[in-house]
Amino acid sequence: MRANNILAGILSIFLFLPLSLTAQEHKPVKNLILMIPDGTSSPVLTLSRWYQWYLLGGDERLAVDPYFCGMVKTHCSDSPIGDSAPTTSAFMTGYYTNSGYTGMYPTSFPDRDIYPIDTARRYQPLTTLPEAMRIMQNKSIGLVVTCEFPHATPANVATHSHNRSNYPLLMKQMAHNGLDVVFAGGAGLINDAEQQYLEQTGTTVVKNNINHFRQFEGDKLWALFGRQEMPYDLDRDTTMIPSIAEMTEKALGILSQNENGFFLMVEGSQVDWAAHANDPIGLVTEYLAFDHAVRKAIDFAKEDGETLVIIVPDHGNSGISIGNHRISSGYDKLPLEKLMSPFRDFKVTSQEIVDMLEASKEADAKELFKEYLGIDLTDEEVDLLNNAYDYNNSPLPKEKRKGKRLQYRIGELMAARTLIGFTTTGHTGEDVFLAAYHPYGRTPGGLFSSEELNAYMQKEVGLGIILDSLTNELYVPHHKIFPDAKTEIDMKGEILKVSSGKNKLTVYGNTNLIEINGTEHYLPSITVFVEPNKTFYVPAYLRDFKIE
């Protein structure tokens with residue numbers, strides 16, 4: 001396999017024209033760091049501040065506090081409450097889309113659509129901001145997350161799919177779409193084919209090896225920890241698993257080697273998961289771990305002098321409140337000690353208790369709750385745990401268990417010992433906070449839509465408003481590109497074969513690999529095969545693939 005300079009030259013003819021015509025009103029920033037505390041509703045910040053100051057003896061202020069500047073509306077194209085896939089997709093592409101979609105134009109649901117939808121564009125891949133920065137500006141791209149790397153939020157940086165759960169497809173696209181740094185969970189997920197491709201193209205892949213991760217000095221590294229997701233920060237073995245702050249600092253060290261600059265997305269992934277479980281200690285400790293990463297990013301940006309940092313959640317979660325029905329009266333006389341004292345006893349998260357209970361059939365729930373959470377379980381509460389539908393070591397037969405997930409039940413029992421309220425185990429639709437550090441003072445302010453935030457980031461990195469133009473060149477339905485050629489689709493193999501005279505083109509879907517007359521080439525972008533409409537989306541410049 002080899003890169004093709006002729007193809008790159010053809011690409012540059014139209015890719016750089018729009019940029020050259022864009023009015024550069026001010027000096028662009030060199031680097032962009034987008035930081036997403038997934039599912040973080042604003043009360044999480046307040047609770048984290050109290051925890052950090054009152055119980056840990058730390059600063060009264062969070063690292064993010066000096067940089068609040070506005071609010072952002074996050075939602076789906078057809079619902080006011082967002083899922084992580086479409087909400088992050090809107091940040092990346094400038095388009096609101098459907099639940100489950102990553103980097104893809106929405107499908108219209110006329111009875112639910114919030115804004116008009118062009119039905120002719122259904123399923124069209126949409127160029128992401130990081131893709132544009134890599135292709136147009138030769139910048140490096142990095143991801144730091146604590147979930148598995150093909151999860152919804154990180155997938156939106158470099159994938160295009162109608163199904164966020166299709167990990168094999170998302171992994172393939174991510175491996176082939178120019179990600180220089182990926183620090184995440186998922187050591188047990190990446191398959192041999194994608195790992196081999198990464199290594200063949202100059203990327204080091206490290207699995208569950210913190211020393212190798214720390215000692216690495218090159219410019220392309222995927223370091224994956226844990227079979228799937230990484231552990232919650234409170235439960236993390238610090239000798240085996242790096243913190244999100246350490247991963248952020250390492251990523252910045254690698255990416256900043258590129259003299260052209262970089263894009264880095266950092267996600268506090270499991271704030272969201274703790275919120276789903278209504279786990280109060282998981283929420284604050286996951287957010288604080290993320291906030292430490294914010295400090296690393298801001299410190300880097302201040303020293304570097306050319307880096308924009310944006311901090312924004314993708315949506316709210318859980319309807320968390322500081323105060324609940326137990327103090328509907330007398331709330332104004334509540335001592336801070338009474339609010340925070342239950343947190344002293346929480347030594348682990350709800351997920352760690354799940355892992356302990358599932359580690360042995362002999363595990364005693366009452367003993368574990370008492371030792372690690374300071375909770376004296378009643379017999380009735382033990383029964384609630386045993387009724388969890390996913391509790392493999394429950395003494396009850398599976399067919400008789402009709403309760404919640406085990407982690408959710410544990411979180412509920414933890415929350416019941418606090419004065420923290422939750423209204424749901426799902427996402428919520430409120431606007432989210434926006435914080436930013438701008439090296440030249442052009443900080444965004446006010447209420448933004450996700451589309452407006454995307455436009456702001458495009459302008460600040462010097463692209464102008466160009467993503468639509470790139471989409472129209474990079475992701476064109478194959479039947480429009482090759483109307484007169486003979487085409488054959490292998491749906492199982494996700495392969496498109498095109499014949500025109502003696503010339504033959506093979507497109508390997510969801511990769512950047514093609515063959516022209518038997519010679520392999522890397523494209524600057526991936527092609528995308530969309531199964532529902534049986535369409536390959538390919539670059540327009542492949543119209544003339546008769547390349548010598």
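We're numbering straight along the sequence, starting at 1. Computed over heavy atoms, backbone and side chain alike; hydrogens, waters and symmetry mates excluded.
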(request) Look only at the side chain of Asn503 and the backbone of Ser499, and say whether a donor-acceptor pair between them is shorter than 3.5 Å. (result) no
(message) Just to verify, what does Ser140 make a side chain to side chain donor-acceptor pair (under 3.5 Å) with, not counting sequence neighbours?
(response) Asn258
(message) Please enumerate all residues that pass side chain to side chain donor-acceptor pair (under 3.5 Å) together with Tyr67, with sequence neighbours excluded.
(response) Lys302
(message) Please list all pairs meeting salt bridge (Lys or Arg N to Asp or Glu O under 4.0 Å) that have one or both residues in residues 165-184, counting only residues at least two apart or in different chains.
(response) Lys172-Glu494, Asp180-Lys220
(message) If the condition is ring pair (Phe, Tyr, Trp, His ring centres under 6.0 Å), which residues does Phe109 pass it with, not counting sequence neighbours?
(response) none
(request) Sequence neighbours left out, what passes side chain to side chain donor-acceptor pair (under 3.5 Å) with Thr88? Give chain and number order. (result) none
(message) For Asp304, is there an ion pair with Lys30 - N to carboxylate O distance below 4.0 angstrom?
(response) no
(message) Measuring centre to centre across the rings, with the benzene-like ring taken for any Trp, is His75 within less than 6.0 Å of His315?
(response) no
(message) For residues 131-154, which residue pairs pass the ring-ring contact (aromatic ring centres under 6.0 Å, His included) check, not counting sequence neighbours?
(response) Phe149-Trp222, His151-Trp273
(message) So, taking the atom named OG in Ser79 and the one named CG in Asp113, what distance separates them when rounded to the nearest 0.5 Å?
(response) 11.5 Å
(message) Suppose the criterion is salt bridge (Lys or Arg N to Asp or Glu O under 4.0 Å): which pairs have a residue in residues 435-444, not counting sequence neighbours?
(response) Arg442-Glu460
(message) My understanding is that only residues two or more places apart in sequence, or in another chain, count here; which of them pass salt bridge (Lys or Arg N to Asp or Glu O under 4.0 Å) with Arg134?
(response) none
(message) List the residues meeting ring pair (Phe, Tyr, Trp, His ring centres under 6.0 Å) with Tyr123, not counting sequence neighbours, and say none if there are none.
(response) His162
(request) Under the ring pair (Phe, Tyr, Trp, His ring centres under 6.0 Å) rule, collect the residues that match up with Tyr105, sequence neighbours excluded. (result) Tyr95
(message) Which residues pass the side chain to side chain donor-acceptor pair (under 3.5 Å) test with Ser256, not counting sequence neighbours?
(response) none
(request) For the residue pair Ser41 and Glu430, confirm or rule out a side-chain donor-acceptor distance under 3.5 Å. (result) yes
(request) Under the ring pair (Phe, Tyr, Trp, His ring centres under 6.0 Å) rule, collect the residues that match up with Phe536, sequence neighbours excluded. (result) Phe529
(request) Verify whether one side chain among Gln458 and Asn454 offers a donor that lies under 3.5 Å from an acceptor in the other. (result) yes
